Asks: 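Before anything else, here's the structure in question.
The structure displayed is predicted, hence computed values, not measured ones.
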Amino acid sequence: YDWRKVETKLNALPMYVTTIDGVDIQFIHVKSKNPHALPLLITHGWPGSVLEIVDSIGPLTNPTAFGGKASDAFDVIIPSMPGYGFSDRPQTTGWDPDHIARAWDVLVKRLGYKRYVSQGGDWGSVIADAMARQAPKGLLGIHVNMPPTVPPDVAKAMAAGEPAPAGLSESEKSAYDSLSTFFKKNGAYGAMMSTRPQTVGYGLSDSPAGLAAWMYDKFAQWTFSGGDPEKSLTKDQMLDDITLYWVTNSAVSSARLYWENNNNNFNAADQKTSEIKLPVAVTVFPGEIYRAPRSWTERAYSNLTYYHEVDKGGHFASWEQPQLFAEEMRSAFRALR
């Protein structure tokens, strides 16, 4: 394994640092040659990083080289979240998704943009939703690939550990079963990081093997791979991401976001989707933690402008399927240009 290859790949990109609310934020900013390109802010998640997104930069900024039209071009802004990657670690509490959402608007405006769109998966979805609720001037709409769509009545049954309520459609029943399995068998990592982020984090900071196991478990569960993540990501890709956490010593600082936002990120009510009035686009990838049914998604977002189920990719959508991800961004935001 050669970490220097990752350094070379990242150093070939235009990267910058700016200070927002006392925290240094590192970000990648790649401008298209098309002067009319639409600015697109993309937020990564955990256990991901900006490395999830870099392979989508080419198709997004230079669509004609990847089967698209010149009018599909984006300027791409990819920040590392506070406490992640090469961004600084907050020294105070309060850097929750709402705070990060406000910071991202500051970042975009500092770059000189007056209109833009926002995208996210995992924590990025939570932050994109927060941005849409806040609706800062210039934000045209959002796209998420892990939408919080579970209705309150269904969420109540799930929290009680009950069987799926009667009357659910086939896709709703499948979503219910997937999330029930997630919370019963696969959600311990989140419970630990949301209640004791520093305890578990310092353990991970002490052992590269422990950190690798902690993160690889999610690659195995959340990729569209049937539990064999090498069907979706190479070993080097996974080690690149794990090593980024290791060399930046961000196991503790990244886990704190779970403590800051100990909500259910799949429930529409918890994420206050009813307050979102901006246009919302959703792509459902088959390997996601759950496949959000159209019926729930339409209930969650009153201004759903795009909904599409694709046949490849999982939770790490842009990492697993960078070309398909870029195509979805083109389709999702075309009407907002």
Asks: Looking only at heavy atoms, which two atoms of N249 and R89 are closest? And how far apart?
Replies: O-NH2, 2.9 Å
Asks: Please test T64 against K69 for side chain to side chain contact (heavy atoms under 4.5 Å, CB included), starting from the C-alpha separation and ending with a verdict.
Replies: CA-CA 5 Å; T64 56; K69 301 177 182 178; 5.7 Å; no
Asks: Do R115 side-chain atoms and L140 backbone N/O form a donor-acceptor pair below 3.5 Å?
Replies: no
Asks: For R334, look at atom CZ and say whether over 12 heavy atoms of other residues, nucleotides or ligands are found less than 6.0 Å away.
Replies: yes
Asks: How would you list, by chain and number, every residue that makes a salt bridge (charged side-chain N to carboxylate O under 4.0 Å, His left out) with D88, sequence neighbours excluded?
Replies: none
Asks: Do you see a donor-acceptor pair shorter than 3.5 Å between the side chains of E230 and S225?
Replies: no
Asks: Distance only, no hydrogens: is a donor on one side chain within 3.5 Å (strictly under) of an acceptor on the other, for D75 and S32?
Replies: no
Asks: Please say yes or no: joined through hydrophobic side-chain contacts below 4.5 Å, possibly via intermediate residues, are V144 and V310 part of one cluster?
Replies: no
Asks: Salt bridge between D98 and R102, side-chain N to carboxylate O under 4.0 Å?
Replies: no
Asks: Give the minimum heavy-atom separation between T273 and Y301, together with the two atoms involved.
Replies: CG2-CE2, 4.0 Å
Asks: Could you grab the distance from atom CG of L168 to atom OG of S174, nearest 0.5 Å is fine?
Replies: 11.0 Å
Asks: With sequence neighbours excluded, tell me which residues meet ring-ring contact (aromatic ring centres under 6.0 Å, His included) with Y113.
Replies: H29
Asks: Please identify each residue that fulfils side-chain contact (heavy atoms from CB on, under 4.5 Å) with T8, with sequence neighbours left out.
Replies: none
Asks: When you measure from the side chain of N34 to the backbone N and O of A70, does any donor-acceptor pair fall under 3.5 Å?
Replies: yes
Asks: Please determine, by modelled atom types, if R133 and Q271 share a side-chain donor-acceptor pair under 3.5 angstrom.
Replies: no
Asks: What pairs of residues pass the ring pair (Phe, Tyr, Trp, His ring centres under 6.0 Å) test when at least one of them lies in residues 65-88, not counting sequence neighbours?
Replies: H44-Y84
Asks: Yes or no on side-chain hydrogen bond (donor to acceptor under 3.5 Å, both in side chains) for W104 and T43, after CA distance, side-chain angles and deciding distance?
Replies: CA-CA 9 Å; W104 280 185; T43 308; 3.0 Å; yes
Asks: Residues in side-chain contact (heavy atoms from CB on, under 4.5 Å) with P136, at least two apart?
Replies: D105, Y116, Q134, L139
Asks: Please list every donor-acceptor pair under 3.5 Å in which a side-chain atom of residues 145-159 meets a protein atom from a residue at least two apart or in another chain.
Replies:
unit_1, atom_1, unit_2, atom_2, d
N145, OD1, Q119, NE2, 2.6
T149, OG1, Y290, OH, 2.6

Asks: Using side-chain contact (heavy atoms from CB on, under 4.5 Å) as the criterion, list what pairs up with S207, not counting sequence neighbours.
Replies: A209
Asks: So, for L107 and P79, which heavy atoms are closest and what is the spacing to 0.1 Å?
Replies: CD2-CB, 4.0 Å
Asks: Tell me, which pairs form a salt bridge (charged side-chain N to carboxylate O under 4.0 Å, His left out) where one or both residues lie in residues 213-227, sequence neighbours left out?
Replies: none
Asks: Working to the nearest 0.5 angstrom, can you tell me the gap between L211 CG and S250 OG?
Replies: 8.0 Å
Asks: Flag yes if L10 and V17 sit in one hydrophobic cluster, no otherwise; membership is Ile, Leu, Val, Met, Phe, Trp, Tyr, and two members link when side-chain heavy atoms are under 4.5 Å apart.
Replies: no
Asks: Determine which pairs satisfy ring pair (Phe, Tyr, Trp, His ring centres under 6.0 Å) with at least one residue from residues 304-337, sequence neighbours left out, and list them in order.
Replies: F219-F316, F219-W319, W222-H315, F316-W319
Asks: Going from CD1 on I127 to NE2 on H99, what distance comes out if it is rounded to the nearest 0.5 angstrom?
Replies: 11.5 Å
Asks: Is there a donor-acceptor contact under 3.5 Å linking the side chains of N263 and N267?
Replies: no
Asks: Check the pair Y189, W46 against ring pair (Phe, Tyr, Trp, His ring centres under 6.0 Å), reporting the backbone distance first and the verdict last.
Replies: CA-CA 11 Å; Y189 79 99; W46 183 95; 5.5 Å; yes
Asks: Could I get the full list of side chain to side chain donor-acceptor pair (under 3.5 Å) partners for E7, not counting sequence neighbours?
Replies: W3, R4
Asks: What pairs of residues pass the ring pair (Phe, Tyr, Trp, His ring centres under 6.0 Å) test when at least one of them lies in residues 143-168, not counting sequence neighbours?
Replies: none
Asks: Say you draw a straight line from CD1 of I142 to CG of L278; how long is it, rounded to the nearest 0.5 Å?
Replies: 7.5 Å
Asks: Counting distance only, does the side-chain N/O of T297 pair as donor-acceptor with the main-chain N or O of P293 below 3.5 Å?
Replies: yes
Asks: OG1 of T283 to CD of E288: how many Å apart, nearest 0.5 Å?
Replies: 11.0 Å
Asks: Which atom pair, heavy atoms only, marks the closest approach of D241 to G48?
Replies: OD1-C, 3.5 Å
Asks: Do Y245 and W214 have ring centroids that are under 6.0 Å from one another?
Replies: no
Asks: Step by step, work out the side chain to side chain contact (heavy atoms under 4.5 Å, CB included) result for I276 and N303.
Replies: CA-CA 8 Å; I276 295 176; N303 193 7; over 6 Å; no
Asks: Taking I42 as the starting point, is it possible to reach I28 by hopping between hydrophobic residues whose side chains are less than 4.5 Å apart?
Replies: yes
Asks: Are F224 and V282 grouped together when hydrophobic residues (ILVMFWY) are joined by side-chain heavy atoms under 4.5 angstrom apart?
Replies: no
Asks: In chain order, what residues pass the salt bridge (charged side-chain N to carboxylate O under 4.0 Å, His left out) check against E298, with sequence neighbours excluded?
Replies: R294
Asks: Do side-chain atoms of Q221 reach the backbone of G227 as a donor and acceptor pair under 3.5 angstrom?
Replies: no
Asks: Could you walk me through whether V6 and Y1 pass the side chain to side chain contact (heavy atoms under 4.5 Å, CB included) check?
Replies: CA-CA 10 Å; V6 186; Y1 175 71; 3.8 Å; yes
Asks: Can you name the closest pair of heavy atoms from S194 and Y258 and give their distance?
Replies: CB-O, 3.4 Å
Asks: As an exercise, state the distance from CG of D240 to CG of L233, rounded to the nearest 0.5 Å.
Replies: 10.5 Å
Asks: If you look at every heavy atom in R256 and P90, which pair is closest and at what distance?
Replies: NH1-O, 4.1 Å
Asks: State, without any angle test, whether T18 and R110 hold a side-chain donor-acceptor pair at a distance under 3.5 Å.
Replies: yes
Asks: So among V54, V76, I78, which one has a side chain to side chain contact (heavy atoms under 4.5 Å, CB included) with L13?
Replies: V54
Asks: Please answer whether the main-chain N or O of N264 pairs with a side-chain N or O of D270 as donor and acceptor at a distance below 3.5 Å.
Replies: yes
Asks: Does the side chain of S87 come within less than 4.5 Å of V23's, by heavy atoms?
Replies: no
Asks: Show your working on side chain to side chain contact (heavy atoms under 4.5 Å, CB included) between L324 and E320 and close with a plain yes or no.
Replies: CA-CA 9 Å; L324 177 58; E320 298 177 60; over 6 Å; no
Asks: Side chain of T223, backbone of S232: donor and acceptor closer than 3.5 Å?
Replies: no
Asks: Transitively linked via ILVMFWY side-chain contacts under 4.5 Å: I77 with I100?
Replies: yes
Asks: Is a donor from one side chain sitting under 3.5 angstrom from an acceptor on the other, for Q26 and S80?
Replies: yes
